[in-house]
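Below, chain A is the first sequence line, B the second, and so on; all start at residue 1. Atom set for the values below is all heavy atoms of this structure, side chains included, hydrogens, waters and symmetry mates excluded.
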Amino acid sequence: MPKKRQYWLMKSEPDAFSWQDLVDSPGKTTFWDGVRNYQARNTMRDLMKKGDGVFFYHSRTKPPGVVGVAQVVKEGAPDPTQFDAKAKYFDAKASPENPRWYGVEIKAVGILPSYVSLEDIKGNCDLDEMPLVQKGQRLSVQPVGEKEWQTVLKMGGWKGRKI
DNA sequence: GCCAACGTTGGC
DNA sequence: GCCAACGTTGGC
């Protein structure tokens with residue numbers, strides 16, 4: 001039974017970790033750590049699969065929007081920062097035997113030739129169903145439908161390989 | 001920098 | 001197990 005390709009959107013504040021930081025990472029790959037929201041955790045731990053497409057979204061920028069395309073290269077694994085007492089994301093209630101927080105590894109595939117801002121997304125009625133534009137939506141890791149994935153790629157002038 | 005929306009914590 | 005207080009997110 002072939003698995004259906006899934007798509008996601010991951011938010012990051014560029015001051016903390018930008019698209020360029022991802023591109024500059026060894027192998028253009030990074031472990032997505034520091035997520036401390038249970039729903040986002042469940043998504044990364046249980047749902048995101050190797051090869052899934054990821055929109056890399058810059059939040060708290062002027063303007064916020066989708067900057068590039070990435071892919072999941074390693075599925076959910078315990079986030080090491082939860083065990084590090086000195087780390088910002090330390091969680092005293094987590095232990096290696098009983099991890100609480102998970103992350104995935106993603107790899108940059110390519111930048112979108114044209115940035116797709118939040119305003120652009122809100123302005124396209126084909127994208128009304130995206131969690132991103134729902135009121136009060138704050139999830140840093142969220143699903144993207146097949147239709148929405150293709151629409152945003154088109155808006156961004158994506159000429160890269162199909163994911 | 002403001003603040004609405006939302007999630008989590010902890011006293012009871 | 002309720003819910004007020006608190007902390008965080010993220011657009012504006």
Side-chain angles (χ1 to χ4, degrees), chain A residues 6-25 30-48 52-72 75-106 108-109 111-145 147-149 151-158:
Chain A
Q6 306 177 101
Y7 305 100
W8 311 96
L9 180 144
M10 297 174 109
K11 296 180 188 172
S12 187
E13 294 183 32
D15 286 349
F17 191 84
S18 69
W19 169 259
Q20 194 57 46
D21 290 331
L22 176 62
V23 171
D24 291 342
S25 299
T30 198
F31 181 78
W32 203 260
D33 62 17
V35 170
R36 295 294 180 267
N37 169 282
Y38 286 105
Q39 202 177 337
R41 188 258 338 240
N42 293 346
T43 299
M44 292 199 290
R45 186 188 60 187
D46 305 331
L47 302 179
M48 295 177 80
D52 284 357
V54 174
F55 283 141
F56 195 105
Y57 179 93
H58 277 171
S59 62
R60 295 197 70 126
T61 51
K62 291 180 184 175
V66 177
V67 56
V69 175
Q71 231 172 347
V72 177
E75 296 173 14
D79 177 348
T81 64
Q82 70 192 304
F83 309 129
D84 178 357
K86 296 192 198 69
K88 179 185 175 190
Y89 295 110
F90 176 65
D91 185 341
K93 291 175 181 163
S95 66
E97 296 74 33
N98 223 338
R100 180 182 285 200
W101 305 110
Y102 287 72
V104 297
E105 206 161 281
I106 64 166
V109 177
I111 194 167
L112 284 177
S114 54
Y115 185 74
V116 180
S117 70
L118 179 61
E119 192 181 7
D120 296 333
I121 290 171
K122 284 180 169 170
N124 187 331
C125 60
D126 287 343
L127 302 176
D128 286 349
E129 302 295 313
M130 283 185 84
L132 184 71
V133 297
Q134 305 305 312
K135 184 177 163 66
Q137 171 56 54
R138 302 185 318 178
L139 269 183
S140 62
V141 180
Q142 51 179 264
V144 174
K147 186 184 78 174
E148 287 80 6
W149 175 263
T151 301
V152 173
L153 280 185
K154 196 168 187 179
M155 290 165 77
W158 179 250

Is the base of C:dT8 touched by the side chain of A:Arg138 through a donor-acceptor pair closer than 3.5 angstrom?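 A donor-acceptor contact between them is present.
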
Starting at [atom1] of [X] and ending at [atom2] of [N], how long is that distance when rounded to a whole Å?
X: A:Leu118; N: C:dC12; atom1: CG; atom2: C1'; result: 11 Å
X: A:Lys11; N: B:dA5; atom1: NZ; atom2: C1'; result: 12 Å
X: A:Asn37; N: B:dA5; atom1: CG; atom2: C1'; result: 13 Å
X: A:Lys122; N: C:dG11; atom1: NZ; atom2: P; result: 8 Å
X: A:Met130; N: C:dG11; atom1: CE; atom2: P; result: 12 Å
X: A:Asp91; N: B:dT9; atom1: CG; atom2: P; result: 8 Å
X: A:Glu13; N: C:dT9; atom1: CD; atom2: P; result: 7 Å
X: A:Arg36; N: C:dG7; atom1: CZ; atom2: P; result: 18 Å

Given B:dT9, is OP1 or OP2 found less than 4.0 Å from the side-chain N or O atoms of A:Tyr38?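 Looking at the OP1 and OP2 atoms of B:dT9, neither is under 4.0 Å from any side-chain N or O of A:Tyr38.
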
Looking at B:dA5, I'd like to know if its phosphate oxygens (OP1 or OP2) sit under 4.0 Å from a side-chain N or O belonging to A:Lys135.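 For A:Lys135, the contact criterion (side-chain N or O under 4.0 Å from OP1 or OP2 of B:dA5) is met.
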
Under the salt bridge (Lys or Arg N to Asp or Glu O under 4.0 Å) test against A:Asp79, which residue among A:Arg41, A:Arg100, A:Arg36 passes?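 The salt bridge (Lys or Arg N to Asp or Glu O under 4.0 Å) with A:Asp79 is passed solely by A:Arg36 among A:Arg41, A:Arg100, A:Arg36.
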
I want to confirm an ordering. Mapping A:Gln137 and A:Arg100 to their closest nucleotides on DNA chain B, which one lands closer to the 5' end?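 Its nearest nucleotide lies further toward 5', so the answer is A:Gln137.
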
Do the ring planes of A:Phe56 and A:Phe17 sit parallel (below 30°), tilted (30 to 60°) or perpendicular (above 60°)?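 It falls in the tilted class, 30° to 60°.
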
Distance (rounded to the nearest 0.5 Å) between A:Asn37 CG and A:Trp101 CH2: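 That separation rounds to 7.0 Å.
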
Rounded to the nearest 0.5 Å, how far apart are CE of A:Met44 and CG of A:Asp46?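 One gets 10.5 Å once the value is rounded to the nearest 0.5 Å.
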
Sub-3.5 Å donor-acceptor pair from the side chain of A:Tyr115 to the main-chain atoms of A:Gly65, do we have one?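 Confirmed, A:Tyr115 side chain pairs with A:Gly65 backbone.
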
With the side chain of A:Lys93 defined as its heavy atoms from C-beta on, choose the nearest nucleotide among B:dC6, C:dG11, B:dG10.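 My answer, after comparing the listed nucleotides, is B:dG10.
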
A:Pro64 side chain, from C-beta outward: closest of B:dA5, C:dG11, B:dG7: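 Between B:dA5, C:dG11, B:dG7, the one nearest the side chain of A:Pro64 would be C:dG11.
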
